[in-house]
Amino acid sequence: MDRLAALDHVVALAADAIGAPMAFLSLHVLGRHIVRAQFGISGPLRPADMLLPSAILESDQPTITGLPRADGTSVPAESLLGARFIAAFPVCDEGRDVVGTLCVLDSRTRPEGLGARDRQMLARLAELAATRRSDAQLASAFDERLSFVMQAETGFEDDVAAQRAIVQALRESEEHHRYSVELSPQIQWTATPEGWMEEVGPQWLDLTGHTAEEARGFGWLSAVHPDDVEATVQLWADRRRDGVPVDVEYRVLTVGAGYRWMRARAAPRRNEAGEIVRWYGTLADVHDHRMAQLALADSEERFRLAVKSARLGIWDFDAVTGERQWSHELREILGLGDDVEPSIETAMRVTHPEDRHKLIAIMDAVTSRSTVPHFETALRIIRADNGEERWLKSAGWTTVSESGQFRRLIVTFQDVTDQRTAEERVQWAAAHDPLTSLPNRTALREALEHAVEWRKAVGGGFALLLLDVDELKRTNDTLGHDAGDALLRTFAERLAVIAPSDASIGRLGGDEFAIVVPGIDSRGALEDCASRLLRGLREPFTYDGNILDCAASIGVSMFPEHGDEARELLKAADLALYAAKAAGRGRMKVFAPEMRADMQTRASMIGMAAEALRSELIVPFYQPKIDLRTRRTVGFEALLRWRHPRLGIQTPDTISAAFGNPDLAVAITTRMLEAITEDILRWREMGIVTGSIALNAAAADFQHDNFAEKVLERLDQCRLPTSCLEIEVTETVFLGRDAPYVERALKLLSAHGVRIALDDFGTGYASLSHLKQYPVDILKIDRSFVSNVQQDREDAAIVDAVITLGRTLGIEVVAEGVENEEQADYLLARGCGVGQGYLFGAAGSAADTERMLRGAIENAA
């Protein structure tokens, strides 16, 4: 039945006053305590004396306490909607007789009780409820309505005189009623049985700017949003016909705030014949609530779409009702139909046997109410439809009530099989060499560190063997990298078979492999192991019609003799491997302390070279090349020197290790090129002609395929002709993996007029075919042949052959290391026109060379 809007508002204000979720107002009617209005409590109105002891309901003093029973014991939370705190204030008439009770309920305990301000607010609201009265126009209607309330809610059929006495006792002043109406945030209105608006509260004017007179009849529709008018009118018409209470929301144009959502509620009052005599209604602003609902609905829709797009399966368990729900996506993941019951047994049946303990642990935690707020796990399932094994990622969230009781469990499942497979491949790739499928440097290092920690804990020793494939470089250079890759794969396969079964094997990179062999703590056991490896690996094999040698050199370090840390053992084994290769390859060397001194020497050389570059201490010294017929200078070779801060000018052998470092080697060549071109430019400006000057290029200079461009660009910057420079290379640059870069660079330089000299011809591995493949302009006979040309017939034959070869191919021949006149005469007699050596002068600085050239000019004059 209908409730008076003002009482509703008083109750709502009472709950809001102290921030409580529930409140109700009861009145004493015919000996019963009847709830007349309620807030935050769903369901029909009921007698209050079924909820609270009469001692509280009839007390003329406020009661602020936890909920007691009539016998003094506490009322359980479920007895009154979970309430654990009550503030009850008496509603008294003018004679101070208690005619009702205003109760505010809270689901939380409030040990602090209520403050003075809260007490005062609730007491005032209790007075307002007591003085509630209809205005003059509605007085009789109120009397009739209250009489109807008495009959409908209490079920008593008392005489009319008793009912009128009660009405008279509740009647209050018109002034008090007016205040209560004006204080209410809801707009109260009445309408005729035909739906014609009769009266509307004063707040209508404040809300819409329209007067109550303008709202009469159906004038109020002018404030309703045009899109909502038709539906609202139709609903109002339907309710007038069937007499069902109205509850509808529509938008109203407000003053200064545009359209806002309002909720209109109304209920009819009927006469004894059941006919509607009047409609009583309220209009409340629910805009913020409606916007929150729309936002929530939008959020839920986004969540639903996100779940669907992420292919998440949802398992929802309600601990209060015991209800369990599986989403359609979860059933698809599990391979189950929509008709399969979402039971624990079904879940257990599709879970992989080895992972069922994970599901059991979750269920046990739920049953014991010890579930943590959030958990994650991964488990395997066997799909019910096709038996396919899949990996699922599971994440769960639990909720509890304010009293700490477990209420709900939500678990999401996502099929991560593809992701897990990809991760496993990535993890495998991160720990393995893709060419040989052996563990890589990182994995081998971990195995080595594990062996160190294990032996530290239990005692004993082990050996670390580093192996270098002896013929990989030559195989790559002569047969190509496909052949080299085949050699590495065969080497790895043999190593896996020959190595001890408990050994850890890995490829460190390039042509280097490693084995960690546990249990070897004597030199004899080590030599036996290494001997088996060398014999088993040495056997040649055939690839693409070519016989490839699989031999290796081995460097060994032992724990703890050569180090008790992985880093120290690797360094020691690397030094031993270097010594094995230097000793002739195909053999084993065990680390010895003196090897560390050699390493330190090399490190010192590299450090000095780097410092010489930083401090610009590297300078060219020039050794003249002489026409053996005229004894005139026809050019120079620029030789590297560097100025030591204390020791003075140093030769290249003091920093020879730096030429094995690609970065330093390239930087040294660049510095020499800059200094040589600066000197040539200065001398040319002085009118001094030098002839061509040879710059020595290392193999590292050709690794980046831009060496020729750098040389030509430098000559162009200095505005020097290309004829003033020669590039001198050794035979070894033709044999490296960068041979294609070498060929392109030399041909480009030659095409621009830079002459190419081949140094130390006959001492390396170059073949005569290289003289056809590369643009060689000058052949230089190595000093080792020239020094014994008069005493050694073989050296003389080589010198004669080179001179004849040069003459035949039209290539200039220069002899190095000419130290006496006999050697010069011999060379000239055989047809070699240019010599270089101490007979004609040692290499000198730029200043010495400049003085020599000036002297030659003056002598010629």
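- The side chain to side chain contact (heavy atoms under 4.5 Å, CB included) test applied to E376 returns H374, K393, A395, not counting sequence neighbours.
- The ring-ring contact (aromatic ring centres under 6.0 Å, His included) test applied to W315 returns W326, not counting sequence neighbours.
- Listed by chain and residue number, H432 satisfy the ring-ring contact (aromatic ring centres under 6.0 Å, His included) test with W428 (two or more places apart in sequence, or in another chain).
- H450 pairs by the side chain to side chain contact (heavy atoms under 4.5 Å, CB included) definition with nothing, not counting sequence neighbours.
- Evaluation of the side chain to side chain contact (heavy atoms under 4.5 Å, CB included) rule for E341 yields S343 as partners, not counting sequence neighbours.
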Show me the donor-acceptor pairs within less than 3.5 Å that the side chains of residues 495-506 make with the rest of the protein, sequence neighbours left out.
none

Side-chain donor-acceptor distances from residues 561-578 under 3.5 Å, at least two apart:
unit_1 : atom_1 : unit_2 : atom_2 : d
H562   : ND1    : M558   : N      : 2.9
E565   : OE2    : K456   : NZ     : 2.8
E568   : OE1    : D564   : N      : 3.2

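- Aromatic pair F491/F513: ring centres closer than 6.0 Å.
- Residue pairs meeting the salt bridge (Lys or Arg N to Asp or Glu O under 4.0 Å) criterion with at least one partner in residues 429-448, sequence neighbours excluded, are D433-R507, R445-E449.
- With sequence neighbours excluded, the residues forming a side chain to side chain donor-acceptor pair (under 3.5 Å) with R290 are E249, listed by chain and number.
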Let me have the donor-acceptor pairs involving side chains of residues 458-470, under 3.5 Å, with sequence neighbours excluded, atom names and distances please.
unit_1 : atom_1 : unit_2 : atom_2 : d
D470   : OD1    : S553   : N      : 3.4
D470   : OD1    : S553   : OG     : 2.8
D470   : OD1    : R585   : NH1    : 3.4
D470   : OD2    : S553   : OG     : 3.4
D470   : OD2    : G586   : N      : 3.0

N/O donor-acceptor pairs under 3.5 Å from side chains in residues 542-550, not counting sequence neighbours:
unit_1 : atom_1 : unit_2 : atom_2 : d
N546   : ND2    : D544   : O      : 3.2
D549   : OD1    : A551   : N      : 3.1

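- Annotation: side chain to side chain donor-acceptor pair (under 3.5 Å) contacts of D385 (sequence neighbours excluded): R383.
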